[in-house]
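Quick caveat, the model's predicted, so the values are computed rather than measured. In listed order, ligands and their atoms are each counted from 1. Note: hydrogens, waters and symmetry copies are ignored here, and every other heavy atom, side chains too, is used.
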Amino acid sequence: MSATDTQPDAMTGDASSADPLARFRLDGRVAMIAGGGGAIGSAIGAAFAGVGARVVVVDRTPERAAESADRACALGGICKGVVADLTQEADAERIVNETLDAYGRLDVIVNAVGGGAGKVLFDAENYPRDAWDWIFELNVRSTLVATQAAARAMIAGGRGGRVLNISSVRASLGINAGYSAYVAAKGAVSSLTRQWATEWAKHGITVNAISPTFVDTPQVAMLLGDPAFKAGIVNRIPIGRVGTTDDLTGAAIFLCSDAASFITGQILGIDGGLTATQ
Ligand SMILES: NC(=O)c1ccc[n+]([C@@H]2O[C@H](COP(=O)([O-])OP(=O)(O)OC[C@H]3O[C@@H](n4cnc5c(N)ncnc54)[C@H](OP(=O)(O)O)[C@@H]3O)[C@@H](O)[C@H]2O)c1
């Protein structure tokens, strides 16, 4: 699709359309899914394509970026997969420029790079620096670098935009399982969500986060494969199960749509009621 195809207006809360559900769609929007080759990013990219977005899937693994873009295209969207290391400023700048060249605009960035907690479980008093730095690079640096490049393009474009971060219930809940670096990193992601919301409101850019509990994905398969660990988690969740990627996509669409124009700086728990019990 060229830049001259469907060009929706700036991202506003205009409710004048005859179809009240139109505000919940992403028709013609250009959405970059950072980490879009992963389990959650891939599901969000496909969901966005299904409601009309043009989706740019960014991942550091070429096969995964391509597969995920194909999955999104199959749902009717216009999509492309691009390869980048989103901890690197030059890569982030390059893919934003490629997106602008291809589609003429950038409306949405979803930050779905992250995780890693289960691979580096250490007691708090001895948490090693290399593991700490790796978790921060993966969860915070990637979010920072990708969002800075995207935000500069959104500000220059003058149409506003949407930033959606993926935090975690671990930003606000401790867990007795060696999670020091991850809880701190997700705390930083939630704090940046509020800070960016405050700074970029004047540009019409909203910034929100979703905050899931455990989602049944390969990242956490090993942890959830331990029946005692899983039971300990599930028993604390009122709805009585862990999440699925499908549990996240509706909220992601909403928060990136025109319908959410007056919502910014919010961290939406998607946790089966877990945080309601704390
Ligand atoms: N799964 C859960 O239970 C859960 C719960 C709460 C929050 N979250 C959060 O949700 C987000 C997505 O999780 P997920 O389970 O979908 O993880 P995932 O499947 O590992 O997806 C992340 C994707 O990002 C890629 N990536 C990593 N570093 C990158 C970089 N520097 N540049 C570009 N791409 C990079 C990964 O590639 P590689 O495989 O090569 O690393 C992977 O394809 C994370 O922030 C995670 O903390 C997950």
Any non-hydrogen side-chain atom of I78 less than 4.5 Å from a side-chain atom of Y103? yes
P212 touching ligand 1 at heavy-atom level, < 4.0 angstrom: yes
If you have a sec, work out which protein heavy atom is nearest atom 16 (O) of ligand 1 and how many Å separate them, to one decimal? I40 N, 2.8 Å
Ignoring angles and geometry beyond distance, decide whether G41 reaches within less than 3.5 Å of ligand 1 through its nitrogen or oxygen atoms. no
For atom 32 (N) of ligand 1, the protein heavy atom that lies nearest, with its residue and separation: L86 N, 2.8 Å
So is there a nitrogen or oxygen of S168 less than 3.5 Å from a nitrogen or oxygen in ligand 1? no
For G35, the ligand 1 atoms whose distance to one of its heavy atoms is below 4.0 Å: 23 (C), 24 (O)
Look at the aromatic rings of F24 and F254 and report parallel, tilted or perpendicular, splitting at 30° and 60°. parallel
Could you tell me whether some N/O pair between L138 and ligand 1 is separated by less than 3.5 angstrom? no
Of all protein heavy atoms, the one nearest atom 29 (C) of ligand 1 is V113 CG1, 3.5 Å
In terms of heavy-atom contacts, A171 and S190 come closest through CB-OG, 3.6 Å
Ionic contact status for R29 with D27, cut-off 4.0 Å: no
So, for V57 and G36, which heavy atoms are closest and what is the spacing to 0.1 Å? CG1-C, 3.5 Å
May I ask you to check whether S68 and D59 show a side-chain donor-acceptor distance below 3.5 Å? no
Hey, are S42 and R71 close enough side-chain-wise for a donor-acceptor pair under 3.5 Å? yes
Does ligand 1 have an atom under 4.0 Å from some heavy atom of K186? yes
Specify whether Y182 and Y179 have parallel, tilted or perpendicular ring planes, treating 30° as the upper limit for parallel and 60° as the lower limit for perpendicular. perpendicular
Numbered atoms of ligand 1 (with element) below 4.0 Å of F214, judged on heavy atoms: 3 (O)
Any idea which protein heavy atom is nearest atom 12 (C) of ligand 1, and the distance to it? A112 O, 3.3 Å
What is the closest protein heavy atom to atom 3 (O) of ligand 1, and at what distance does it sit? V215 N, 2.7 Å
Please name the pair of heavy atoms, one in A84 and one in V58, separated by the smallest distance, quoted to 0.1 Å. CB-CG1, 3.8 Å
What pair of heavy atoms forms the shortest contact from V189 to T193, and how long is it? O-OG1, 2.7 Å
Could you list the atoms of ligand 1 found under 4.0 angstrom from a heavy atom of G115? 44 (C), 45 (O), 46 (C), 47 (O)
Would you say ligand 1 has an N or O under 3.5 Å from any N or O of A39? yes
Is there a polar contact between ligand 1 and R64, counting only N or O atoms under 3.5 Å apart? yes
Scanning both residues in full, the closest heavy-atom pair of R170 with I233 reads NH2-CD1, 4.3 Å
I would like to know whether F229 and F214 meet ring pair (Phe, Tyr, Trp, His ring centres under 6.0 Å); could you show each step before the answer? CA-CA 11 Å; F229 182 88; F214 280 93; 5.6 Å; yes
Which residue and atom name correspond to the protein heavy atom nearest atom 9 (C) of ligand 1, and how close is it? I166 CG2, 3.6 Å
If we number the atoms of ligand 1 from 1 as shown, the ones under 4.0 Å from a heavy atom of G114 are 44 (C), 45 (O), 46 (C), 47 (O)
For V220 and ligand 1, does the shortest N/O to N/O distance drop below 3.5 Å? no
Tell me which part of T61 gets within contact of ligand 1: side chain, backbone, both or neither, using heavy atoms under 4.0 Å. side chain
Enumerated ligand 1 atoms positioned under 4.0 Å from heavy atoms of G37: 43 (O)
Does either side chain, that of R194 or that of T264, offer a donor lying less than 3.5 Å from an acceptor on the other one? no
Atoms in ligand 1 flagged as close to D85, the criterion being non-hydrogen separation under 4.0 Å: 30 (C), 31 (N), 32 (N)
Distance from atom 1 (N) of ligand 1 to nearest protein heavy atom, with residue and atom: T217 OG1, 2.8 Å
Just by distance, no angles: are the side chains of N165 and S167 close enough, under 3.5 Å, to form a donor-acceptor pair? no
Output yes when D226 and K230 qualify as a salt bridge under the 4.0 Å nitrogen-oxygen rule, no when they do not. no
What do you reckon, does V58 have a nitrogen or oxygen under 3.5 Å from a nitrogen or oxygen of ligand 1? no
Are R236 and D271 close enough, and set up right, to give a salt bridge (Lys or Arg N to Asp or Glu O under 4.0 Å), and what steps lead you there? CA-CA 10 Å; R236 293 167 57 218; D271 60 15; over 6 Å; no
Within the structure, is a non-hydrogen atom of P218 found at a distance of less than 4.0 Å from ligand 1? no
Protein residue, atom and distance nearest to atom 7 (C) of ligand 1, heavy-atom basis: S167 O, 3.3 Å
Write down the atom of I210, the atom of L164, and the distance for their closest heavy-atom approach. N-CD1, 4.1 Å
Could you list which atoms of ligand 1 come closer than 4.0 Å to a heavy atom of N139? 45 (O), 47 (O)
Look at ligand 1 and say whether T213 reaches it with a heavy atom at a distance under 4.0 Å. yes
Which of the ligand 1 atoms, numbered from 1, are nearer than 4.0 Å to a heavy atom of T87: 31 (N)
Please work out, at 4.0 Å between heavy atoms, whether the side chain, the backbone, both, or neither of A84 comes within that distance of ligand 1. backbone
Counting only heavy atoms closer than 4.0 Å, does ligand 1 sit against the backbone of R60, its side chain, both, or neither? both
